[in-house]
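A quick write-up on the structure given underneath.
If you read the sequence from its start, that first residue is 1, and numbering goes on from there. When a ligand or atom number is given, it counts from 1 through the structure's own listing order.
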Amino acid sequence: MSSPSANPVGVGVLGARGRMGAEAVRAVDEAPDLELVAAVTREDGLDGLLDAGARVAVELTHPDSAMDNIRFCVQHGIHVVVGTSGLGPAEHDAIRALLAEHPGVGVLIAPNFGIGAVLSMKFAEIAARYFDSAEIVELHHPRKADAPSGTAARTAQVIGQARADAGLDDMPDATTKELDGARGADVDGVHVHSVRMAGLVAHQEVLFGADGESLTIRHDSYDRRSFMPGVLLAVREVGSRPGLTVGLDELMGL
Ligand SMILES: NC(=O)C1=CN([C@@H]2O[C@H](COP(=O)(O)OP(=O)(O)OC[C@H]3O[C@@H](n4cnc5c(N)ncnc54)[C@H](OP(=O)(O)O)[C@@H]3O)[C@@H](O)[C@H]2O)C=CC1
Ligand SMILES: O=C(O)C1=N[C@H](C(=O)O)C[C@H](O)C1
C-alpha cells in the first residue's frame, strides 16, 4: 500500500449516487494522491464543491444536467473531467468558448474511460483508410439515456475524418427503400446501430469491409470498474491541460 500524499488533489464527484458515480467515489477515495472532498447527489447544491475546496470535479450525471454543471465548475476555476455522454459538437464549442474566458481551467471529455475502448478507437482510426465500408454496432444496458453512445459517436467521427483525409469515396450502399432507422444513425457518414439490452454493460463492434475480407474490432466492458483507471488518469492530468481535451488518447501517449 502506498502512503497518502502530502498534498492530495481535492476531487468532487457529481452524480455520486449513480452507477458510475459510486464507482468513481470509491476509486478516488482509495487513491493515495487524491482526496475525495465532495460526493454530490442530485439534491445537493454545487456550492458544496466550493465549500470543500474541490480542485477537480468529475461529471457523471445526465446529458440534461452536464452542461450546467460544467459551466458552474469552469466559472469557479474548478477543472472538470466529463464522463457524461450525449454532448455533441455544439456543446464542445460552447465549452471552448467558456474556457476562452477562463484560460487556466481544463475540461477533459472522455467518451470512454476504458483503456481497451480508447485503444479500440485508435485501432479503428488506423484501419479506416484501408477499407471501403465501415459500420458501428454499439450495445449497452437499457438504462442508458443517449443513443448513439458517446463512444460510438466519437469512433464514427474519427473514422469519418480518417476517410476524408485519405480521400476515400462514399461507402458502397445501394439502399433506396428502407424502414426508418433500418440503416442506423448516420454520424459523419458512418452508420451507427444502437442495441439496448438487459444484461449488458458497454460493448462496441467496429466492422470494416473490403473485397473478400472484413475486420472486426470489438471491445467489452463487463464491469464499471473497467472505467476507473481512466477516470483516475484524467483526474490527475486535467489540471495541467488548460482548454478542452477530448479523449484519453494523448494522456495514454497514443
Ligand atoms: N465516459 C465513460 O467511460 C462512461 C460514461 N458514462 C456516462 O456517465 C453518465 C452516468 O452514467 P450512469 O452512472 O450509468 O448513470 P446513473 O443514472 O446510474 O447515474 C446518474 C446519476 O446522476 C444523477 N443525476 C441525474 N440528473 C441529475 C441532475 N440534473 N443533477 C444532478 N445529478 C443528476 C442521478 O441522480 P438520481 O440518483 O437522483 O437519479 C444519478 O445518481 C451517463 O451519461 C453515461 O453515459 C457511463 C459509463 C462510462
Ligand atoms: O452509459 C454508459 O454505460 C456508457 N456510456 C459511455 C458512452 O456513451 O459511450 C461510455 C461507455 O460506453 C458506457
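Considering backbone and side-chain atoms together, G18 places an N or O closer than 3.5 Å to an N or O of ligand 1. For the pair V201 and ligand 2, the shortest N or O to N or O distance does not fall below 3.5 Å. At least one N/O-N/O distance between K144 and ligand 1 falls below 3.5 Å. For the pair A110 and ligand 1, the shortest N or O to N or O distance falls below 3.5 Å.
Formation of a donor-acceptor pair under 3.5 Å by the H76 side chain with backbone atoms of I78 is not found in this model. Under a 3.5 Å cut-off, the side chain of R163 and the backbone N or O of F131 do form a donor-acceptor pair.
Closest protein heavy atom to atom 2 (C) of ligand 1: F113 CD1, 3.4 Å. Looking at atom 1 (O) of ligand 2, its nearest protein heavy atom turns out to be K144 NZ, 2.9 Å. Of the protein's non-hydrogen atoms, T61 CA, 3.3 Å is the one closest to atom 22 (O) of ligand 1. The nearest protein atom to atom 47 (C) of ligand 1, hydrogens excluded, is given as M20 CG, 3.2 Å; this is a heavy-atom distance. In terms of protein heavy-atom proximity, atom 6 (N) of ligand 1 is closest to G83 O, 3.8 Å. Scanning the protein heavy atoms around atom 25 (C) of ligand 1, the nearest turns out to be R42 NH2, 3.4 Å. In terms of protein heavy atoms, atom 27 (C) of ligand 1 is closest to S65 OG, 3.5 Å. The nearest protein atom to atom 17 (O) of ligand 1, hydrogens excluded, is given as R19 NH2, 3.5 Å; this is a heavy-atom distance. In this structure, atom 45 (O) of ligand 1 lies nearest to the protein heavy atom S85 OG, 2.5 Å.
The P111 neighbourhood of ligand 2 comprises atoms 6 (C), 7 (C), 9 (O), 10 (C), with distances under 4.0 Å to a heavy atom of that residue. Close approach of ligand 2 to S149 is summarised as follows: ligand atoms under 4.0 Å from at least one heavy atom of the residue are 7 (C), 8 (O), 9 (O). Remark: ligand 2 atoms within the under-4.0 Å shell around heavy atoms of H141 are 1 (O), 2 (C), 3 (O). Listed by number with element, the atoms of ligand 2 under 4.0 Å from a non-hydrogen atom of H140 are 2 (C), 3 (O), 4 (C), 11 (C), 12 (O), 13 (C). Proximity to T151 (heavy-atom distance under 4.0 Å) selects the following atoms of ligand 2: 7 (C), 9 (O), 10 (C), 12 (O). Below 4.0 Å from some heavy atom of N112 lie the following atoms of ligand 2, by number and element: 10 (C), 11 (C), 12 (O). Ligand 2 places these atoms under 4.0 Å from at least one heavy atom of A202: 11 (C), 12 (O), 13 (C).
If you look at H62 next to ligand 1, the close heavy atoms, those under 4.0 Å, all belong to the side chain. Contact annotation for E138 and ligand 2: no heavy atom of the residue comes within less than 4.0 Å of the ligand. Of the heavy atoms in R143, none comes closer than 4.0 Å to ligand 1.
The CD atom of Q204 sits 8.0 Å away from atom NE2 of H140, with the distance rounded to the nearest 0.5 Å.
The closest approach between any non-hydrogen atom of P111 and ligand 1 is below 4.0 Å.
Looking at every heavy atom in both residues, L49 comes nearest to C73 through CD1-SG, 3.8 Å. Closest heavy-atom contact between H62 and T84: C-CG2, 3.4 Å. A pairwise comparison of heavy atoms in D146 and G86 identifies OD2-N, 3.5 Å as the closest pair.
More than 12 heavy atoms of other residues, nucleotides or ligands sit less than 6.0 Å from atom CZ of R218.
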